[in-house]
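As the structure is a prediction and not an experimental result, all values here were calculated from the model. For ligands, and for the atoms within them, numbers begin at 1 and follow the listed sequence.
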Amino acid sequence: MSEKFDTSQLPRELASVFDELVARDPHQGEFHQAVFEVLSTLTPLVERKPEYQDLAIFERIVEPERQLMFRVPWSDDQGHIHVNRGFRVQFNSALGPYKGGLRFHPSVNLSIIKFLGFEQIFKNSLTGLPMGGAKGGANFNPKGKSDAEIMRFCQSFMTELQRHIGPNVDVPAGDIGVGGREIGYLFGQYRRIRNSFDAGVLTGKGLTWGGSFARTEATGYGLVYFAQEMLRARGDSFEGKRVVVSGSGNVAIYATEKAQQLGAKVVAVSDSSGFVIDEEGIDVDLLKDVKEVRRGRVSDYAAERPSAHFFSEGSIWEVPCDVALPCATQNELGLEGVEALIHNGVQMVAEGANMPTTPEAIDELRRAGVLYAPGKASNAGGVATSGLEMQQNSGRTQWPFEETDAKLHQIMVGIHENCLATADEYGVPGDYVAGANLAGFIKVADAMVAQGLI
Ligand code: NDP
């Protein structure tokens, strides 16, 4: 059905699920890519779990429980009125309240939100915490907007979203373009409209009003904890490794920080305007100041750091490294990038972003025997710590940083073990992609079987 995806490699039962999905929504390329990647690892379940087919679990799990699209009108500082489109896709709530981030980026559309929501179902399942899967956002570009404009946009967005969410219903968080500032404005508007301090309605909150220590660091730290386990399983470590991290946002900054704490040297980071090489190792304090405080560009970092050089041409993947951590956005690492990495001797690619590596590039990594961690396992630390924030909100308490970070570490070690054990059980030892997909899927599917036809 879809020319881009070779359904002949799927069993007939799964191929027909995919063909129907493509026929129903033919223009949702990112969503097709995410579903195909999962389905292509589920072949063993067709025989081993006949009840999944009898109860149409495959058909049901690829269709969101609810998809919301809404108008977000707001006025800029000059009084001009703009209209954006808001989204919330509540994909699956078999394991708990819907949970997943909000993305504000001009590229946002229903396909992107559905791919992210679909991935989120299995990622949340892997954390072991009771969370369903969802994702949302808007095609709004926060770049260059004043704080007042961001606030008005967030208020308008939440004026509609608030009727669809709640601590036991759906708990959004941040993603690209949505950080602590935006969560603050969103929470303020929710509280004002609902006249209720429901701390558990959003995660990623400020530390004085219901936030969790280590949430800001969680995705990047969790990624490095997961990658550390992969290295450890082979008797290796981050000590002395040369690392390249794409992006310079929330995930990239804290992946850089943790990798360097573990003895690696991060020699390159990027943003959408280019990349920086810093042979002395990235100065994380300066990077945080440029990106988090001043909301600047990586070129500003290079301008202030004598050992750093900014490149607006070329690709960050041409920078030689032992470990590559794609932490920017979907499909940022294609075949050419992977070929350059392999040519320069890369040993491991671990995803901080969601679906950053294209299917052809993943095939090439496997062919070359490069260790590869799929994002739904390796970047699950963010949502796991959001789950810990929800636990703290329910108990009206706040755990110290060290305690929360230790729980995050333990969860990442657990996900790594679960991926490997599941891959072993299904006859694909060492395959992190199959291990993550199968482990995440089975838990959700079994809950759907138990809960009947809904
Ligand atoms: P941020 O908005 O903090 O940072 C995003 C970074 O990626 C920026 O450096 C940005 O550059 C770059 N980027 C974004 N879009 C593009 C693009 N189209 N081309 C090139 N560069 C781009 O987002 P996060 O760090 O929170 O998210 C990064 C990735 O991690 C996303 O895939 C997200 O879904 C995933 N993720 C995030 C989690 C979290 O807890 N935040 C949890 C799990 C996954 P620029 O500023 O120039 O746009």
Side-chain angles (χ1 to χ4, degrees), residues 30 34 99-108 112-113 115-120 122-124 126-127 133 135-137 139-144 172-183 202-204 212 214-223 226 245-257 268-276 287-288 290-292 294-301 310 312 315-317 325-334 337 350-357 373-389 408 412:
E30 294 85 357
K99 180 89 196 89
L102 299 172
R103 175 176 292 191
F104 291 169
H105 193 271
S107 64
V108 162
I112 289 182
I113 298 299
F115 117 65
L116 290 164
F118 185 70
E119 293 266 304
Q120 198 79 45
F122 310 111
K123 181 188 307 192
N124 294 3
L126 284 171
T127 67
K135 202 82 187 188
N139 62 346
F140 169 73
N141 188 358
K143 255 185 228 142
D175 190 75
I176 291 177
V178 178
R181 172 181 60 171
E182 291 74 19
I183 294 292
L202 288 168
T203 57
S212 171
R215 176 62 190 90
T216 305
E217 294 83 356
T219 309
Y221 277 23
L223 164 65
F226 190 92
V245 177
S246 66
S248 50
N250 173 263
V251 181
I253 288 173
Y254 292 95
T256 300
E257 180 167 276
V269 292
S270 65
D271 61 23
S272 55
S273 60
F275 64 98
V276 157
L287 185 64
K288 282 185 192 171
V290 169
K291 301 298 289 192
E292 293 182 341
R294 290 186 266 154
R295 298 184 187 277
R297 317 295 299 152
V298 287
S299 51
D300 301 327
Y301 171 94
F310 173 71
S312 60
S315 158
I316 190 172
W317 309 120
L325 305 176
C327 295
T329 193
Q330 65 274 359
N331 293 328
E332 56 167 312
L333 175 53
E351 296 181 341
N354 285 310
M355 209 169 76
T357 317
K376 68 169 79 61
S378 52
N379 73 28
V383 74
T385 309
S386 278
L388 300 177
E389 182 171 331
L408 163 66
M412 298 314 294

Q) Which option out of G352, G177, G249 puts a heavy atom nearest to atom 2 (O) of ligand 1? A) G177
**Q.** Heteroatom distance test (R103, ligand 1): nitrogen or oxygen, under 3.5 angstrom
**A.** yes
Q) Of all the atoms in ligand 1, which lie at a distance below 4.0 Å from a heavy atom belonging to K143? A) 45 (P), 46 (O), 47 (O), 48 (O)
Q: Only counting residues at least two apart or in another chain, list the ones meeting salt bridge (Lys or Arg N to Asp or Glu O under 4.0 Å) with R215.
A: none
Q) With side chains defined as the heavy atoms from C-beta onward, is the minimum distance between W317 and E332 less than 4.5 Å? A) yes
(Q) For atom 14 (C) of ligand 1, tell me which residue out of D175, N379, I176, N250 has the closest non-hydrogen atom. (A) I176
Q) Nearest 0.5 Å, what's the CD-CZ distance between Q120 and F115? A) 10.0 Å
**Q.** For S272, the ligand 1 atoms whose distance to one of its heavy atoms is below 4.0 Å
**A.** 11 (O), 20 (C), 21 (N), 45 (P), 47 (O), 48 (O)
(Q) Check contact between Q330 and ligand 1, using heavy atoms of the residue and a distance below 4.0 angstrom. (A) no
Q. Taking both backbone and side-chain atoms of R215, is any N or O found less than 3.5 Å from an N or O belonging to ligand 1?
A. yes
Q: Verify side chain to side chain contact (heavy atoms under 4.5 Å, CB included) between M412 and S378, making sure each step is shown before the conclusion.
A: CA-CA 8 Å; M412 298 314 294; S378 52; 5.5 Å; no
Q) Protein heavy-atom contact under 4.0 Å for atom 10 (C) of ligand 1? A) no
(Q) Within the structure, is a non-hydrogen atom of E217 found at a distance of less than 4.0 Å from ligand 1? (A) no
Q. What part of S107, side chain from CB on, backbone N/CA/C/O, both or neither, has a heavy atom under 4.0 Å from ligand 1?
A. neither
